[in-house]
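Below is one structure, written out as structure tokens; the observations come after it.
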There are 2 protein chains.
Amino acid sequence: MIERMAKHYDQYCPVAHALDVVGDRWALLVARELMQGPKRYTDLAEGLPGIGTNILAARLRDLETAGVIAKKTLPPPAASRVYELTDYGLELKPVMRELAVWGARSLGPPTTDDELFPGWLVCPVDMILGPLAPPGRFEFRVGDEIASLVDGDAYTGPIDDPDVVVEGDAEGLYYLFIERRLDGVSISGDRALLDRLIDAAPQPVA
Amino acid sequence: MIERMAKHYDQYCPVAHALDVVGDRWALLVARELMQGPKRYTDLAEGLPGIGTNILAARLRDLETAGVIAKKTLPPPAASRVYELTDYGLELKPVMRELAVWGARSLGPPTTDDELFPGWLVCPVDMILGPLAPPGRFEFRVGDEIASLVDGDAYTGPIDDPDVVVEGDAEGLYYLFIERRLDGVSISGDRALLDRLIDAAPQPVA
DNA sequence: CCGCATCCCCAAAGATACTG
DNA sequence: CAGTATCTTTGGGGATGCGG
């Protein structure tokens, strides 16, 4: 059953073509997961709650065929297979950044059925705050998720000598950065520096 | 039949949320069509060859609910209904621009089943060339499609006193801007200015 | 276990006919 | 012209199975 790729838009348009490649359901979220580095099949599935195993396999195949990701076998003694973004796949970062900024404006606080999957925090920190952050060392703590920002570069986990530490829950983080309201977070360190970061954050659309 | 919106990713992530809004099939292409200004239902369908009328209606409803587009009734004597992007919907332009630049790199020359729908030319001129164009007056002619660029702003149709005019077919335009090859296009006017535009264009990935 | 392939079922997309 | 109604087809969600 050699499948001919057929579900295309068939328009000579760079946007339509891009959507032919990463427009399928889950495809861009797979790329999002791999933005934090190479991952194994099972770890990918864990970061994409709700995806069917067959769908994940299909997307990985399609994205590999399209040259967006590559399968790599780690050297012994690990010897596990991981997926990683190609150089071309990495270039999706500006796309996802704009998409994240746009989405953040209508995101709203988390609801009860929103999943807080492992690694959820570092993505918006990297995509949204990173590019517009003033020089400085920020640390964000929500439950056992910790993400940091050093001069615009995002990291998973704590850092040494942070200028500011923001701790709270997901709701509090939303209120702080999007609605500029202090509610459910505790701040220690350079408050003025944090305010400069908040001022640069996206504005809510509503 | 009060539809409960249910096909969400259910992740607290700005990217996933953005895809909940504009990630459905055809949704972003509807927004692309409206980037060139308000359009009527039938004109939208014409610019989206292959879309079913029910799908178009469904997307328009969803996008309106999400606050991305708005339905407007033109003042008499026109009195026709048009759809237009809201301010928030207009903010999708940076997203589409990055997507277009990314897609252009793996687009390739047009194939036989690629449709050249009305208005196809102005989109890449606006999204891709516009932001990186040097000051100047460019005019592009492919068949009866004419798009222009004046100091980075794109227009449909010809302009007065163009510095450069590029005429040819879709394939020639692709070779010129992406592969930097002169094949199937004729150029008149300031060749050096055109070269500066070409130099800034996206590089092919292959 | 990890990395899928297979199967079944349903919801969304495609296609077309039809109506205010 | 601007959609709705209806039918068919396809792709995704979910569970399970199976080889390495």
Side-chain angles (χ1 to χ4, degrees), chain A residues 1-11 16 19-20 22-30 33-34 38-65 69-74 76-84 113 115, chain B residues 1-11 16 19-30 33-34 38-64 69-74 76-84 113 115:
Chain A
M1 62 152 83
I2 359 145
E3 286 279 352
R4 276 295 104 232
M5 321 205 294
K7 245 321 76 90
H8 291 337
Y9 285 115
D10 286 336
Q11 295 188 10
L19 293 175
D20 280 338
V22 293
D24 281 340
R25 189 158 166 81
W26 293 108
L28 211 64
L29 294 185
V30 169
E33 288 300 299
L34 294 179
K39 286 197 176 185
R40 293 178 308 169
Y41 187 93
T42 318
D43 297 327
L44 280 170
E46 194 179 351
L48 300 168
I51 196 174
T53 67
N54 50 342
I55 303 297
L56 177 55
R59 290 297 165 271
L60 290 171
R61 229 181 304 114
D62 296 343
L63 290 173
E64 189 179 6
T65 302
I69 67 175
K71 203 186 302 190
K72 203 173 61 174
T73 304
L74 291 183
S80 62
R81 264 181 280 284
V82 294
Y83 293 89
E84 65 180 356
D113 35 45
E115 294 222 33
Chain B
M1 58 153 88
I2 358 146
E3 288 278 351
R4 275 294 107 232
M5 320 205 296
K7 248 314 80 90
H8 290 334
Y9 285 114
D10 286 336
Q11 295 188 9
L19 292 175
D20 280 337
V21 178
V22 292
D24 282 339
R25 188 159 167 81
W26 293 107
L28 212 66
L29 294 185
V30 169
E33 287 300 299
L34 294 179
K39 286 196 176 185
R40 294 177 306 169
Y41 188 92
T42 317
D43 297 327
L44 280 170
E46 193 179 352
L48 300 168
I51 195 174
T53 67
N54 50 344
I55 303 298
L56 178 54
R59 290 298 163 270
L60 290 171
R61 227 181 303 115
D62 296 343
L63 290 173
E64 187 178 9
I69 67 175
K71 202 186 304 190
K72 204 174 63 173
T73 302
L74 291 184
S80 62
R81 265 180 281 282
V82 294
Y83 293 89
E84 63 180 356
D113 36 46
E115 293 223 33

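All chains are named by letter (A, B, ...) in the order of the sequence lines, taking the proteins before the strands, and each is independently numbered beginning at 1.
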* Asked: Expressed in angstrom and rounded to an integer, what is the separation of B/L63 atom CG from D/dG3 atom P?
  -> 14 Å

* Is it true that a side-chain atom of A/Y41 and a backbone atom of A/T53 form a donor plus acceptor pair closer than 3.5 Å? -> yes

* Asked: Counting distance only, does the side-chain N/O of A/Y9 pair as donor-acceptor with the main-chain N or O of B/G50 below 3.5 Å?
  -> no

* Structure fact -> In whole angstroms, the gap separating P of D/dT4 from CZ of B/R81 amounts to 11 Å

* Whole-Å distance separating the CG atom of A/L60 from the C1' atom of D/dG12 -> 15 Å

* Asked: Is any side-chain nitrogen or oxygen of B/R25 closer than 4.0 Å to OP1 or OP2 of D/dG11?
  -> no

* Shortest non-hydrogen contact between B/V30 and B/R59, atoms and distance -> CG2-CB, 4.4 Å

* From A/L29 CG over to A/L44 CG, what is the distance, rounded to the nearest 0.5 angstrom? -> 11.5 Å

* Asked: Can you tell which of D/dA2, C/dC4, C/dA15 lies closest to the side chain of A/A57?
  -> C/dC4

* Rounded off to whole Å, could you give me the CG-to-C1' distance for the B/L48 and C/dG14 pair? => 14 Å

* Structure fact -> From CG of B/L44 across to C1' of D/dG3 the rounded distance in Å is 13 Å

* Calculate, to the nearest 0.5 Å, the distance between atoms CD and CG belonging to B/Q11 and B/L19 respectively. => 10.0 Å

* Asked: Any idea which of C/dG14, C/dC4, D/dG13 is nearest the B/W26 side chain?
  -> C/dG14

* Separation of B/I51 atom CD1 from C/dA15 atom C1', in whole Å? -> 13 Å

* Hey, is the side chain of A/T53 pairing donor to acceptor with the base of C/dA5 inside 3.5 Å? -> yes

* Structure fact -> In whole angstroms, the gap separating C1' of D/dC18 from OH of A/Y41 amounts to 14 Å

* Distance check: side-chain N/O of B/Y83 vs OP1/OP2 of D/dG3, anything under 4.0 Å? -> yes

* Where the side chain of B/N54 is concerned, which of C/dG3, C/dA15, D/dG12 is the nearest nucleotide? -> C/dA15

* Can a donor-acceptor pair under 3.5 Å be found between the side-chain atoms of A/D24 and the base atoms of D/dG11? -> no

* Structure fact -> Per nearest nucleotide of DNA chain C, the residue lying toward the 5' end, B/I55 or A/R61, is A/R61

* **Residue-phosphate contact under 4.0 Å: B/R59 side-chain N/O, C/dA12 OP1/OP2** => no

* To do: For A/H8 and D/dG11, give me the distance from atom NE2 to atom P, rounded to whole Å.
  => 11 Å

